[in-house]
Amino acid sequence: MNKRIMKVFIRSAFSVTVLAFLAVGADAQQVRASQKAAVSQRVANTDIAIEYSRPSAKGRVLFGEKGIVKYSEVWMPGANEASNIKFSRDVLLNGQPLKAGRYSFWVIPEEKKWTVILSTDWDQWHTSYPGRDEDALRFDIDTKVGSHKEMLTFYFPQVTANSAVINLHWGTVIIPFEIRLAETD
């Protein structure tokens with residue numbers, strides 16, 4: 001290969017490499033700070049699935065007057081699109097009946113007790129609580145204290161043949177609630 005062709009080839013290869021790095025960099029910039037997550041559990045004949053985004057604590061005060069989440073105000077635990085929970089069959093949530101379906105997940109935090117709200121309007125942005133008219137279910141839960149979780153997390157710490165416990169855990173606050181099957185086949 002003569003020198004001139006070699007120089008053009010090297011410049012072209014260099015340009016393609018730079019463009020590839022720029023494209024990767026641009027794609028990386030579009031990654032959300034609060035990554036999407038999903039957790040699911042099958043209990044007998046019922047599938048339970050939760051989709052949410054996971055904000056990080058980042059050393060911030062999370063709850064209360066000085067927190068990023070204020071007491072006595074409706075909050076969607078997560079970030080970006082509203083967190084949602086889906087049940088393939090009818091269930092009892094903390095003893096209250098709930099029809100099979102998909103719901104957005106909201107809470108009203110207090111120091112020792114939180115109100116959990118499931119809304120029939122599940123396709124929402126995290127700041128747009130649809131309002132009481134869309135509530136499918138509301139119930140109160142006493143909070144628990146646990147080890148620090150940097151990223152907001154939903155998980156199933158207990159599962160039996162006909163029930164499960166879901167924990168919402170962020171910072172040191174845990175909100176546990178029970179799911180029981182409405183019926184088993």
(request) Indicate yes or no: at least one non-hydrogen side-chain atom of Leu93 is less than 4.5 angstrom from one of Leu118. (result) yes

(request) Calculate, to the nearest 0.5 Å, the distance between atoms OG1 and CG belonging to Thr120 and Asp135 respectively. (result) 8.0 Å

(request) Tell me whether Trp122 is reachable from Ile48 by hopping between hydrophobic residues (I, L, V, M, F, W, Y) whose side-chain heavy atoms are closer than 4.5 Å. (result) no

(request) Name the orientation class of the two ring planes belonging to His169 and Tyr155 (parallel below 30°, tilted from 30 to 60°, perpendicular beyond 60°). (result) tilted

(request) Compute the ring centroids of Phe63 and Tyr71, then answer whether they are less than 6.0 Å apart. (result) no

(request) Could you pull out the closest heavy-atom pair between Glu81 and Met76, with the gap in Å? (result) O-CE, 3.6 Å

(message) For the NZ atom on Lys70, are there more than 12 heavy atoms of other groups (residues, nucleotides or ligands in this structure) within a distance under 6.0 Å?
(response) yes

(request) Go through the side-chain N and O atoms of Tyr129 and Asp121 and say whether any donor and acceptor fall under 3.5 Å apart. (result) no

(request) Measure across Asp90 and Lys99 and return the closest heavy-atom pair with its distance rounded to 0.1 Å. (result) OD1-CA, 3.4 Å

(message) For Lys112, is there any backbone N or O sitting under 3.5 Å from a side-chain donor or acceptor partner on Thr143?
(response) yes

(request) Would you give the length of the straight line joining atom OG of Ser88 to atom CZ of Arg102, rounded to the nearest 0.5 angstrom? (result) 13.5 Å

(message) So does Ala38 get a backbone contact from the side chain of Tyr52, meaning a donor-acceptor N/O pair under 3.5 Å?
(response) no

(message) So, taking the atom named CZ in Phe177 and the one named CD1 in Ile85, what distance separates them when rounded to the nearest 0.5 Å?
(response) 5.0 Å

(message) Quick one, Ser119 and Trp106 - any side-chain contact, counting heavy atoms below 4.5 Å?
(response) yes

(message) Looking at every heavy atom in both Lys66 and Val61, which two are closest together, and how far apart are they?
(response) O-CB, 3.9 Å

(request) Considering non-hydrogen atoms only, spot the tightest contact between Lys149 and Trp170 and give its length. (result) O-CD1, 3.6 Å

(message) Could you measure the distance from the CG atom of Asn84 to the OH atom of Tyr103? Nearest 0.5 Å is fine.
(response) 12.0 Å

(request) Determine the minimum heavy-atom distance between Ala164 and Phe156, stating which atoms define it. (result) CB-CD2, 4.0 Å

(request) Report yes if the side chains of Val107 and Ile117 come closer than 4.5 Å at any heavy-atom pair, otherwise no. (result) no

(request) Treating Ile, Leu, Val, Met, Phe, Trp and Tyr as nodes and any side-chain heavy-atom pair under 4.5 angstrom as an edge, say whether Leu152 and Leu62 lie in one connected cluster. (result) yes

(request) Using a 4.5 Å cut-off on heavy atoms from C-beta on, say whether the side chain of Leu98 contacts that of Leu92. (result) no

(message) For a 4.5 angstrom cut-off between non-hydrogen side-chain atoms, does Trp114 reach Asp140?
(response) no

(message) Are Glu51 and Ser83 packed together at the side-chain level, in the sense that at least one heavy-atom pair is separated by less than 4.5 angstrom?
(response) no

(request) Drop me the distance from Arg54's CZ to Met151's CE, to the nearest 0.5 angstrom. (result) 4.5 Å

(message) Looking at Glu150 and Ala57, would you say the former's side chain and the latter's main chain have a donor-acceptor pair under 3.5 Å?
(response) yes

(request) Would you tell me whether Ser53 and Gln35 have side-chain atoms, one donor and one acceptor, within less than 3.5 Å of each other? (result) no

(message) If you define the side chain from C-beta out and look only at heavy atoms, does anything of Ser40 sit under 4.5 Å from Ile50?
(response) no

(message) Nearest 0.5 angstrom please: Ile108 CD1 to Trp75 CH2, how far?
(response) 13.0 Å

